[in-house]
There are 2 protein chains.
Amino acid sequence: MKRAVQKRTLETRARLVAAAETLVADKGYEALRVEEVVLKAGVAKGTFFAHFRDKEALMDQLIGARIDGFLDEIETLPPPRDVAALVAAIEPLMRFMTCERYVFDIVLRHSGAALTEEIGPIASTFGRYDQVVSGWLAGSSFRRDVSPGLLAEGVQAFSVQAMALHFCALHSDRNMTHRLAEYLEAWLMPKTT
Amino acid sequence: MKRAVQKRTLETRARLVAAAETLVADKGYEALRVEEVVLKAGVAKGTFFAHFRDKEALMDQLIGARIDGFLDEIETLPPPRDVAALVAAIEPLMRFMTCERYVFDIVLRHSGAALTEEIGPIASTFGRYDQVVSGWLAGSSFRRDVSPGLLAEGVQAFSVQAMALHFCALHSDRNMTHRLAEYLEAWLMPKTT
DNA sequence: AGCAAATAGTGACCATGGTCAATTTAAAAG
DNA sequence: CTTTTAAATTGACCATGGTCACTATTTGCT
């Protein structure tokens, strides 16, 4: 027989998340230790793993929540008229995703859902992202020879590429958006003869 | 005063790599344990870390070597005339990179060099890959409105995307190459009106 | 209320990657 | 050949994520 989740459960979970968020705000994602989280939340270590499969599951949730926040912002924007506007729209999100190498690694690892039924927070945001960009591209002045869905996947692929290159010392910080703009210009507005 | 590397050093390193390769061949990359490697190589644990910064550095080397092998093959091929040929050429490499999720994660994490001077084996192979594809695209019948270098970066971005989606249960195994073909058709031969 | 079943929480314990002061070995100097 | 010095090796030790048998609590039933 199945029972409803107890209030206690929600509280504990909330305390764990709150503790983790505080610690992250203080020292960043990479420095987060499960030990510190449970200490701050006032629960035993085992409890943590009763709520999260592993440390990454917590990260998935924390980071996914942040990404969702950025997507909320993005959704309020009008459809971009050109590549520059598109890049400007998603720049804050990209900045967050590359705020730490560790964060970017986690985002990458979770961007594709591991299993169909087990779509995590970050994987969901990628779906949302695709949705938003598809919508933008559907009624735009960008190329029309391929579907908006495919176009959006391409935007995602190039965004990831631009972020990945951001971590090479060769390519300096502010080049990330320039690089993306160059990619998207070629992707969304090919000038083939 | 600096001294030349001792023969002993090379031998030890070779034994470590050989032991690791055997173990990987037997149980795969993810199951590799440092403990087992040093046991098989007949050295102490500390010795391992005197030769490799961490376990990932070993993985970088092992996987990088394999990728180089695939690139050797690829380089013997004639420049592909169309997208299908291009995809067919790089398919074996993609298959290897996605043979384990763990392998793909490592490849991703190392594909961009961490520091300019610290370009690891995998990062080098990505440079080589770009080189090869650029060469192919330079004198081809694909689009010419953007540089071969940029085109090659796009091929890389789409390859990564296709491989990443490969791990979603939604997209079945043999769809990886189809997906890539679709991307590259749109990327390399845009039919904009 | 009192009991039974399901759920939540605990903390000692384990697995494994990684460190480092001490030791051994090889090469150069005298 | 001895001494000196740099390099290589060692293994006890640590850090940290993760497990699990056991205890505690809540919920539903009679």
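Below, read A as the first sequence line, B as the second, and so on, with proteins coming before strands; counting in each chain starts at 1. Note that the structure is a prediction, hence the values are computed from the model and not measured.
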Worksheet item: Is the shortest side-chain N to carboxylate O distance from A/D26 to A/K40 below 4.0 Å?
Response: no
Worksheet entry | B/F49 CZ to C/dT19 P, straight-line distance once rounded to whole Å | 7 Å
Discussion item. Distance check needed: C/dG17 C1' versus B/M59 CE, whole Å only.
Written reply: 12 Å
Response to the item:
Whichever of B/F48 and B/K7 has the more 5' nearest nucleotide on DNA chain C, that residue is B/F48
Worksheet entry | Pair B/R13, B/Q61: side-chain N/O donor-acceptor within cut-off below 3.5 Å | yes
Worksheet item: Is it true that B/E91 and B/R95 have a side-chain N and a carboxylate O under 4.0 angstrom from each other?
Response: yes
Worksheet item: Should A/T47 be listed as having a side-chain N or O under 4.0 Å from OP1 or OP2 of C/dT10?
Response: yes
Practice prompt. Round to the nearest Å and state the distance from A/D54 atom CG to C/dA15 atom C1'.
Written response: 15 Å
Worksheet item: Are B/Y129 and B/S159 close enough that a side-chain donor and a side-chain acceptor fall under 3.5 Å?
Response: yes
Fill in: d(CD, B/E56; P, C/dG18) in whole Å
8 Å
Item to complete: For A/F52 and C/dA8, give me the distance from atom CZ to atom P, rounded to whole Å.
Response: 14 Å
Worksheet entry | B/E153 bridged to A/R179 by N-O distance under 4.0 Å | yes
Worksheet entry | Minimum-distance nucleotide to A/R8 side chain [options: C/dT7, D/dA8, C/dG18] | C/dT7
Worksheet item: Can you tell if the side chain of A/V146 reaches within under 4.5 Å of the side chain of A/R143, non-hydrogen atoms only?
Response: yes
Discussion item. Using OP1 and OP2 only, check whether a side-chain N or O of B/K45 sits under 4.0 Å from D/dG11.
Written reply: no
Worksheet item: Would you call B/E30 and B/R101 a salt bridge, using N to O less than 4.0 angstrom?
Response: no
Practice prompt. Among D/dG18, D/dT26, C/dG11, find the nucleotide with the atom closest to the side chain of A/K55.
Written response: D/dG18
Discussion item. Can you see if the side chain of A/H51 gets near the phosphate of C/dG9 - specifically, an N or O under 4.0 Å from OP1 or OP2?
Written reply: yes
Item to complete: Using whole Å, report how far CG of B/L58 lies from P of C/dG17.
Response: 11 Å
Worksheet item: Within less than 4.0 Å of OP1 or OP2 of C/dA8, is there a side-chain N or O belonging to A/T9?
Response: yes
Worksheet entry | Euclidean distance, atom CG of residue A/L10 to atom C1' of D/dT26 [Å, nearest integer] | 14 Å
Worksheet item: Heavy atom of residues 12-37 of chain A under 4.0 Å from DNA chain D: which residues?
Response: A/L32, A/R33, A/V34
